[in-house]
Protein chains: 2
Amino acid sequence: MRSMTTVYEALAEPTRRRILDLLRERPRLVGELVEALEMSQPGVSKHLRVLREVGLVSVRQDAQRRWYELRPEPLAEVNTWLESYRHLWEDRYNRLDDLLQELQAKERNND
Amino acid sequence: MRSMTTVYEALAEPTRRRILDLLRERPRLVGELVEALEMSQPGVSKHLRVLREVGLVSVRQDAQRRWYELRPEPLAEVNTWLESYRHLWEDRYNRLDDLLQELQAKERNND
DNA sequence: TGGTTATATAACTGTCAAGGTATATATAGA
DNA sequence: TCTATATATACCTTGACAGTTATATAACCA
């Protein structure tokens, strides 16, 4: 068991992103996730383990059942990393927007 | 060559995130990246290929050299995904903040 | 207690990615 | 033209991972 997983690796797997999306609505039992994801129960349990390891979900036991709940905090790290890039792509959109405005202005002049 | 890589997978690799961080400052030659990353040239070239495939970098040829440049646009997809989670972790911080305010208020009353 | 339900873990398999070395490609420069 | 430089690609090895089936664990219920 190596387990030096990062949030980024956890998010790389599409099924795990789907699990998070499902947990965003409400906590779920493993069985519910198995059904929603159309995947073997051990497969789902393994993904949940990864998500637990990076702190993206927590578990609450209830008899034989386990409620998995979203813990969004680790996403803040990704957000911070993205933060320093945000202005870059936003600037491009802005420039594109400027260009568009300009073209529309010309269009109006030609009428 | 399979190459149905997603931007999430591209970001999962720490070396690739470092490459993006380096390109955030300015465009770079492959050789510069090799030096900065202390990694074999083919290794770096392979990471650059993945980044190219998902559109996170573009190349400009200049004689035998290739200038790699950051294309931040694909990060917008990740940002959009994160967006629907943002209020969740921010709410928690806010609750923490509320609690703090409350404690400070009590503190003041005790003086 | 014995059976059923819910989930985790073990063991196995196939695929894929990351790293390396060796080599191909292409351009610059002597 | 020959050599050096810069980068990409081919090929190989290794390890990790996602998925599976089989089994362990543990709690509930009859």
Side-chain angles (χ1 to χ4, degrees), chain A residues 1-23 26-71 74, chain B residues 1-23 26-71 74:
Chain A
M1 199 195 312
R2 220 185 44 95
S3 167
M4 240 334 281
T5 322
T6 66
V7 188
Y8 299 95
E9 294 167 63
L11 298 182
E13 226 289 326
T15 307
R16 285 197 288 264
R17 290 199 301 279
R18 287 189 63 202
I19 291 177
L20 294 178
D21 287 340
L22 287 164
L23 296 183
R26 56 176 177 81
R28 311 249 184 182
L29 295 173
V30 178
E32 298 182 75
L33 294 171
V34 169
E35 183 161 12
L37 300 168
E38 292 182 323
M39 178 175 190
S40 76
Q41 174 266 310
V44 172
S45 281
K46 263 166 74 176
H47 283 308
L48 288 171
R49 178 206 256 264
V50 174
L51 293 172
R52 249 187 292 131
E53 281 170 359
V54 301
L56 277 166
V57 301
S58 62
V59 211
R60 188 168 47 82
Q61 188 151 359
D62 162 28
Q64 328 97 305
R65 304 182 182 148
R66 315 260 172 125
W67 290 97
Y68 276 85
E69 185 174 2
L70 178 68
R71 308 297 309 237
Chain B
M1 203 195 311
R2 220 187 41 99
S3 167
M4 242 332 282
T5 320
T6 67
V7 63
Y8 298 95
E9 293 168 65
L11 297 182
E13 224 290 325
T15 306
R16 285 197 288 265
R17 289 198 303 279
R18 288 189 61 201
I19 291 177
L20 295 178
D21 287 340
L22 287 164
L23 295 183
R26 56 177 178 81
R28 312 248 184 182
L29 295 172
V30 179
E32 299 182 74
L33 294 172
V34 169
E35 184 160 13
L37 300 169
E38 293 183 322
M39 180 177 189
S40 77
Q41 174 266 310
V44 173
S45 281
K46 261 166 77 178
H47 282 308
L48 288 170
R49 180 208 254 264
V50 173
L51 293 172
R52 247 187 292 131
E53 282 170 358
V54 301
L56 277 167
V57 302
S58 62
V59 210
R60 188 167 48 80
Q61 187 152 0
D62 161 28
Q64 328 98 303
R65 306 187 181 143
R66 315 262 172 123
W67 291 98
Y68 276 85
E69 186 174 1
L70 178 68
R71 309 297 308 235

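Remember, predicted model here, so these are calculated numbers, not experimental data.
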Atom CZ of Arg52(A): over 12 foreign heavy atoms under 6.0 Å: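 Enclosed: over 12 neighbouring heavy atoms sit under 6.0 Å from CZ of Arg52(A).
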With respect to the phosphate group of [N], does any side-chain polar atom (N or O) of [X] fall under 4.0 Å of OP1 or OP2?
X        : N       : answer
Arg66(A) : dA26(D) : no
His47(A) : dG19(D) : yes
Arg49(A) : dT9(C)  : yes
Tyr68(A) : dA8(C)  : yes

For [X] and [N], give me the distance from atom [atom1] to atom [atom2], rounded to whole Å.
X        : N       : atom1 : atom2 : value
Arg16(B) : dG19(C) : CZ    : C1'   : 12 Å
Gln64(B) : dT3(D)  : CD    : P     : 17 Å
Met39(A) : dC17(D) : CE    : P     : 15 Å
Arg60(B) : dT27(C) : CZ    : P     : 16 Å

Side chain to side chain contact (heavy atoms under 4.5 Å, CB included) between Arg66(A) and Leu29(A), intermediate numbers included: CA-CA 6 Å; Arg66(A) 315 260 172 125; Leu29(A) 295 173; 5.7 Å; no
Selected nucleotide, minimal atom distance to [X] side chain, candidates [options]:
X        : options                   : value
Ser40(A) : dC28(D), dA22(C), dT20(D) : dT20(D)
Arg65(B) : dT7(D), dA10(C), dT5(D)   : dT7(D)
Gln61(A) : dT9(D), dA27(D), dG20(C)  : dA27(D)

Earlier contact from the 5' end, DNA chain D, for Ala63(A) and Glu13(A):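 Here Glu13(A) is the residue nearer the 5' end.
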